[in-house]
Structure formats: structure tokens, C-alpha cells
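Naming: A, B, ... by sequence-line order, numbering from 1 per chain.
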Amino acid sequence: MTDNKKTVRDERIDMIRNLRENGVNPFPDRCECTHRLHEALELPENADNIRLAGRIIAIRKMGKLSFSHIQDADGKIQLCLTQDDLGKENYTFFKKSIDIGDFIGVKGSIFVTKTGEKTLRVTEFQLLSKAILTLPEKWHGLSDLEACYRQRYLDLIVNEESRRRFQIRRDLIRKIRHYLEDHDFMEVETPILQSKPSGALAKPFITHHNSLDLDVYMRIAPETYLKRLIVGGYTRVFEFAHCFRNEGISTAHLQEFLMLEYYAAFWNYEDNMDFTERMLTAVLQKVLGNLTIEYKGNSIDFSTPWPRKSLRDVVLEGTGIDINQVKERDALLKQAEDKSIDLSDVNVDALGWGSLVDAIYKKACRPNILSPLFLTSHPKELSPLARANDEDPSITDRFQVVVMGMEIVNAYSELVDPIDQRERLQKQQQLRDAGDDEAMEFDEDYIHCMEYGMPPISGWGMGIDRLTALLTNEENIKNTVYFPLMRPLESRKKFEE
RNA sequence: GAGGGAUUAGCUCAGUCGGUAGAGCAUCUGCCUUUUAAGCAGAGGGUCGUGGGUUCGAGCCCCACAUCCCUCACCA
């Protein structure tokens, strides 16, 4: 519109029109490259005819000589452009029409500057894409958390730390996948849209299928489908399963999260603890290069063996309460009060004995667990899909891996007895009918499947997002996914053309 | 869901007692052939989150709302 209030964006749009009028395509369709940027840094001095492409993140113009840096996801390299090398016309074009944020393709040879930086001496260049908005500041980067979540692309461009975090997440998933495949596990996919949510205690998202006129649920866990596949004859299966839970937001909870689950026929939970130690240490060694991480000022050592303790022992050590001696709900509550365990924000009236044990553990014990610990032998009430222990049927053959007060892994010997399973799910359904909406829904189809015969199985689940947060010293789990769910902003201001 | 905090230029941030809206980077103009937060000289850029209120006068005080962050509760 008027000339005296032009934004940078207006000026860039004008520039694009001028470029087109002068026969320059501001958005060519391709660029031939000989190397990625991190590869180019490995090239010897004087390597010639090198063709690279990337986004310009810095320009330093000094008359007839300019330096610049281009960047891609894995690296950046300095460019040196001079009027002598490019000719006056091309050099002037660079100075006048190339900006920070643009993509360019360059050709030239490798040399080392006076300050010792490997640099491409550019003999030819081509504008690959003209940016019309400017990038965030080069020094402070983008620090506004909301902007990082909503505009992750900017976060990735300007914040090295963010790129590293997502790299670790990718590596973690890749190395785990390789390890499982190397140990005879098969990757499978099971439904996300389910007519009945099962496999965990959580509130689902509900949606609707139009032509079946059927309410369906986004899965809260892949568990019962993966076990159906074991019945189908597979011995070891795993899935990186996106799960959805319609629950509160926090620094430790996403609405949509990635859970790895695997199931191994003929293993019990003790076999599985051994495997867990081997797999996670192998993966950490490959991803991080060592077994020690720093998290919020604590140093955590994943060296094996990790201690194995029953929930009873952990509660006994943490509180002095022996849950084996206090099997009565009210008596347990009284002991907790005697030990002045603060359960004031817990709705104790709604809890049975098992849930009360869990509440005491979470309040008084779990926050103090730093290093990796196998927590075993949870009460049966807390584990409707886990196998009861042969010696003590009141507890289950179950374990969790607890690190820094976080449950990273949950696993158990699976319940494979269809009669027992039917009874337990009927009990859950009764709790549910009585108003406990965290109890599990009865699943006849799953029981029916079990009745065809299920081998001994140990199953295992781990939250990839939380593990990523732990390994990257990240406090907010939102930063472990590219685009966390956010409330939409009121419609972004529209610009006239 | 409860409590606390933040919101000022594209980005990072100042803004005193209520009295004309500030800096650095980025942008534009000029100079500059080894810089790397390049430098030097000059210039442009603001609905102070939104809507009310108090006041002669509000970025600042009051109320409501919006978004985000933190803590707590449920859940991995």
C-alpha cells in the first residue's frame, strides 16, 4: 500500500516481483548437490566442483568479500564469496538480493580460512527459494516456549539444542527397532480406531464412524491386540504404538504419545528383566555413547545389574509399613496416617486396599528413587492383565523400571488363563458399573481369543516420549514431540497481497 | 479443575513515581577483500495480548477475557 510503512515482508514480495521481471526464478524446481553439509566438512582442502545447498543463517558482508553460513538438519558450513571469483554482476546480485533465510545452491572448492574454518570458496551460486519472513534472532534464538511449540520449524532452524533433542529421539527409536529385530522380534501394526478401548486404565478419546454409525475409540494401549497376534502364532512381536488418552495436561503427560510394547512367548517376567537390562544399556550406549546421564542436576548411572525390589520391600523401607502384615484397607489407611504420610489430595474413600498401597508408594517412596530400579510384585488388584505369582497369588509377576521417580517401563508375565482372566475382567466391570471409570471394560472378544490357547508370555511397555525427556535433560515432555497439541490461536492476521 | 506468573518492534529484552515508546539483533542507505554476535555512519519500523473501567492523562492502577508457562490433583 503506502510506501512509508513497508514491512520486510512487503519489501521481499517486491523483490520477488523484480527478480521475475529480470528473468530470475525465485523458486527453481531443483538443485544438484554432491554432498550434504556435514559431509562437505570432511572433504580435504582444495576439493573442487563441490555442489551444496542449504538455508542461509548468517551473512557478513565486507565490501567485495562476504562470508556466509548455510545450514541443513545435520550441519552447517561457511561460504566465502568474492567479487573476484563471482564477477561484479553476480557478486552484486548476492549482496542485493540474497538474504538470511533464503535457500541457495552453491558450487566451489574447499579451503581453510585464516581462522582455521573449513569453507567453500563459491564460484557459482543459485537462489533456490526466497524467504519473505525474517528468522528469529541469531544470538538468542527463539526462546518463547509457546512459539517453539506452535512453530517448531523455527525452533529447529535456530536452536541447536532442539535439533539435538529430536535427533536423540530418532536414534532411540531406530536403535531399539534394530535391537528388537536382531532378537527375533517382528514389527506389527494394530488398530488405532477400536470399538472398545482396552489394555490400560485410562479415559479414551471418542470419535464416530459415519457409515457404520458407530462410536469408536482411539486406542489407549495396543496390548490386547498384540496378545491376539501371539495367539495367532507369532512368537515375538513389537509395535511403536501411538496411543491417545483423554486426560490432564502436564509436563509429564501428552494427550498423544508413543508407546513401545513388545510381547515374547515362552518368557516370564524374570527373563524379561534380563532382556530389558541388556536392551536398554545397549541402546543407551549406542545413542549416547555412555551409560551415565545428567538429569536436573542428578547423575544417573544405568550400569547393570539394576537392583530388583518388591513393592512390599520398597514401601517397607520407605515408610516402615509392611503391606504383607496389613491386608485390611482401613488398617492400612490408619498406619499411613500414623506415619504422617500426606494423602490429603488423594480421594482415599474411593480407594481399595491395592490402590491405597499404590498411593502410599507414589507419595512416600517413588520420588526418592533416582537410579534405575526394577520394582516388582505389585498387588493383583493393580494389575488386571498380569499373571498371579505361583507362591503368593495376592501379588503378580510384574515389574516396572523406575528412574528419577518416573515409571519408564511397565511389564509382566501375562495372564494367559482364560477362566481367571474372565473372572478378573468381570470384577473390573463390576467396579466400573459401580462408578469407577478407571476400571477396565469387559472385553468378550479378547477372552474368546484367549480360549483358543495362549502360550506363556511376557509383555513390556515403555513411553518413548518420557525416555526421550530423561535422556535429553528436558523437563517438559512437549519438547519431545514436534507438534504438541495446543489451543488454536484466533485466526492469524491476514495480509493483503 | 485449583493457585501463582508472563504477554512491549520480526526476534531477545528494558521501560523509574501514572506525564511524548527504548536498546541490541534483523531490515533499508552508504563505506569496507579473511569475517564468524564483523565493523563504522545514517534511516525506517509499535493497536504495549483483547475488551471495559479509574484518571486531566494509563505500557504502568482496577475488572473481565484470551493464550502460554510453573506448581498441585488424575493418568505413562
*Asks:* With a 4.5 Å heavy-atom cut-off, do Y179(A) and R177(A) have their side chains touching?
*Replies:*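 Y179(A) vs R177(A): side chains apart.
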*Asks:* Could you check whether G463(A) gets within reach of a base, just the sugar-phosphate, or nothing at all, counting any heavy atom under 4.0 Å?
*Replies:* nothing
*Asks:* Taking side-chain contact (heavy atoms from CB on, under 4.5 Å) as the definition, give me every residue that meets it alongside F103(A), ordered by chain and number, with sequence neighbours left out.
*Replies:* R55(A), L128(A), S129(A)
*Asks:* Given that both distances must come in under 3.5 Å, which nucleotide forms a Watson-Crick or G-U wobble pair with U71(B)?
*Replies:* A2(B)
*Asks:* Side chain of L142(A), heavy atoms from C-beta onward: which of U12(B), C74(B), C70(B) has the nearest atom to it?
*Replies:* U12(B)
*Asks:* May I ask which nucleotide in the shown strands pairs with G19(B), Watson-Crick or G-U wobble, both distances under 3.5 Å?
*Replies:* C56(B)
*Asks:* Rounding to an integer number of angstrom, what distance separates G51(B) and U8(B) when you compare their P atoms?
*Replies:* 15 Å
*Asks:* May I ask you to say what E117(A) touches in the nucleic acid, namely base, sugar-phosphate or nothing, with a heavy-atom cut-off under 4.0 Å?
*Replies:* base
*Asks:* Do M462(A) and M259(A) have side chains that get closer than 4.5 Å, going by heavy atoms?
*Replies:* no
*Asks:* Does A38(B) have OP1 or OP2 sitting under 4.0 Å from an N or O in the side chain of K114(A)?
*Replies:*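 Checking A38(B) against K114(A), no side-chain N or O comes under 4.0 Å of OP1 or OP2.
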*Asks:* Just call it for M406(A): base, sugar-phosphate, or nothing, with non-hydrogen atoms closer than 4.0 Å on any strand.
*Replies:*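 No contact at all - M406(A) keeps every heavy atom at 4.0 Å or more from the nucleic acid.
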*Asks:* Report the nucleotide, chosen from A37(B), A26(B), A38(B), that has the shortest atom-to-atom distance to any side-chain atom of M62(A).
*Replies:* A38(B)
*Asks:* OP1 or OP2 of C70(B) sitting under 4.0 Å from any side-chain N/O of N476(A)?
*Replies:* yes
*Asks:* In Watson-Crick or G-U wobble terms, both distances under 3.5 Å, what is the partner of C25(B)?
*Replies:*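 Check on C25(B): paired to G10(B), both distances under 3.5 Å.
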*Asks:* Using the P atoms only, state how far A14(B) lies from A41(B), rounded to an integer number of Å.
*Replies:* 26 Å
*Asks:* G30(B) and A9(B): how far apart are their P atoms, nearest whole angstrom?
*Replies:*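 Looking at atom P only, G30(B) and A9(B) are 29 Å apart.
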*Asks:* Using a cut-off of less than 4.0 Å, is there contact between a side-chain N or O of K64(A) and OP1 or OP2 of U34(B)?
*Replies:* no
*Asks:* Is it the case that the ring center of W267(A) lies less than 6.0 angstrom away from the ring center of F275(A)?
*Replies:* yes
*Asks:* Measure from the side chain of R150(A), starting at C-beta and using heavy atoms only, and say which of C28(B), C68(B), C69(B) lies closest.
*Replies:*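 When the side chain of R150(A) is considered, C68(B) is the closest of C28(B), C68(B), C69(B).
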*Asks:* When all nucleic acid strands are considered with a 4.0 Å heavy-atom cut-off, which category describes K478(A): base, sugar-phosphate, or nothing?
*Replies:* sugar-phosphate
*Asks:* Given F205(A) and Y217(A), is the ring pair (Phe, Tyr, Trp, His ring centres under 6.0 Å) satisfied, shown in steps?
*Replies:* CA-CA 6 Å; F205(A) 285 91; Y217(A) 304 89; over 10 Å; no
*Asks:* Any donor-acceptor pair under 3.5 Å joining the side chain of E137(A) to the base of G10(B)?
*Replies:*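 Between G10(B) and E137(A), which were checked side chain against base, a qualifying N/O pair under 3.5 Å is absent.
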*Asks:* Which of these nucleotides, C75(B), C69(B), U35(B), is closest to any side-chain atom of K362(A)?
*Replies:* C75(B)
*Asks:* Within the structure shown, what part of the strands sits under 4.0 Å from G461(A) by heavy-atom distance: base, sugar-phosphate, or nothing?
*Replies:* nothing
*Asks:* Can you tell which of C69(B), U67(B), A26(B) lies closest to the side chain of E146(A)?
*Replies:*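 Nearest to the side chain of E146(A) among the choices is U67(B).
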*Asks:* Considering only atom C1', compute the distance from G3(B) to U50(B) and round it to an integer number of Å.
*Replies:*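 These two C1' atoms come out 24 Å apart once rounded.
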*Asks:* For A66(B) versus G52(B), give the span between their C1' atoms, rounded off to a whole number of Å.
*Replies:* 15 Å
*Asks:* Under 4.0 angstrom, heavy atoms only, what part of the nucleic acid is L254(A) near: base, sugar-phosphate, or nothing?
*Replies:* base
*Asks:* Determine whether the side chains of Y263(A) and N272(A) contain a donor N or O and an acceptor N or O closer than 3.5 Å.
*Replies:* no
*Asks:* Has R60(A) got a side-chain N or O lying under 4.0 Å from the OP1 or OP2 atom of U35(B)?
*Replies:*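 Answer no for this pair, as no side-chain N or O of R60(A) is under 4.0 Å from OP1 or OP2.
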*Asks:* Who is the Watson-Crick or G-U wobble partner of C65(B), with both distances under 3.5 Å?
*Replies:* G49(B)
*Asks:* If you pin F67(A) and I59(A) to their nearest nucleotides in RNA chain B, which one's is more 5'?
*Replies:*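 Of the two residues, F67(A) wins.
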*Asks:* Does R245(A) put a side-chain nitrogen or oxygen below 4.0 Å from OP1 or OP2 of C75(B)?
*Replies:*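 So the side-chain polar atoms of R245(A) never come under 4.0 Å of the phosphate oxygens OP1 or OP2 of C75(B).
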*Asks:* If you check every side-chain atom of T134(A), which of C75(B), G10(B), U67(B) has the closest atom?
*Replies:*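 Closest nucleotide to the T134(A) side chain: G10(B).
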*Asks:* Any donor-acceptor pair, under 3.5 Å, between the side chain of T113(A) and the base of U35(B), if you only look at N and O atoms?
*Replies:* yes
*Asks:* Over all strands shown, is T251(A) touching base, sugar-phosphate only, or nothing at heavy-atom distances under 4.0 angstrom?
*Replies:*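 Result for T251(A) = sugar-phosphate.
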*Asks:* Closest nucleotide of RNA chain B for G116(A) versus for V8(A): which of these residues is on the 5' side?
*Replies:* V8(A)
*Asks:* Verify the contact: side-chain N or O of K138(A) to OP1 or OP2 of A26(B), cut-off strictly under 4.0 Å; return yes or no.
*Replies:* yes
*Asks:* Between S143(A) and C13(B), does any side-chain N or O lie under 4.0 Å from OP1 or OP2?
*Replies:*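 Yes, because at least one side-chain N or O of S143(A) sits under 4.0 Å from OP1 or OP2 of C13(B).
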*Asks:* Who does G30(B) pair with, Watson-Crick or G-U, both distances under 3.5 Å?
*Replies:*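 C40(B) - that is the nucleotide pairing with G30(B), both distances being under 3.5 Å.
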*Asks:* Ignoring hydrogens and geometry beyond distance, is a side-chain donor-acceptor pair present between D155(A) and Q151(A) at under 3.5 Å?
*Replies:*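 The criterion, which ignores hydrogens and geometry beyond distance, is not satisfied for Q151(A) and D155(A).
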*Asks:* For the base of C11(B) and the side-chain ring of H140(A), does the geometry meet a stacking cutoff of under 5.5 Å between centres and under 30° between planes?
*Replies:*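 H140(A) vs C11(B): stacking no.
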*Asks:* With sugar-phosphate meaning primed atoms plus P, OP1 and OP2, does D99(A) contact a base, only sugar-phosphate, or nothing at under 4.0 Å between heavy atoms?
*Replies:*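 Sugar-phosphate: the residue D99(A), judged by heavy atoms under 4.0 Å, touches backbone atoms but no base.
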*Asks:* How is D84(A) classified with respect to the nucleic acid when contacts are heavy atoms under 4.0 Å: base, sugar-phosphate, or nothing?
*Replies:*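 The answer is base, as D84(A) lies within the cut-off (heavy atoms under 4.0 Å) of a base atom.
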*Asks:* From C-beta outward on R12(A), which listed nucleotide comes closest to its side chain: C68(B), U27(B), U34(B)?
*Replies:*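 Nearest nucleotide to the side chain: U27(B).
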*Asks:* Which one, U35(B), C74(B), U67(B), comes nearest to the side chain of R487(A)?
*Replies:* U67(B)
*Asks:* Go through the side-chain N and O atoms of T472(A) and R165(A) and say whether any donor and acceptor fall under 3.5 Å apart.
*Replies:*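 Absent: no donor and acceptor within the cut-off.
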*Asks:* Return yes if the base of U35(B) and the side-chain atoms of Q78(A) contain a donor-acceptor N/O pair under 3.5 Å, otherwise no.
*Replies:* yes
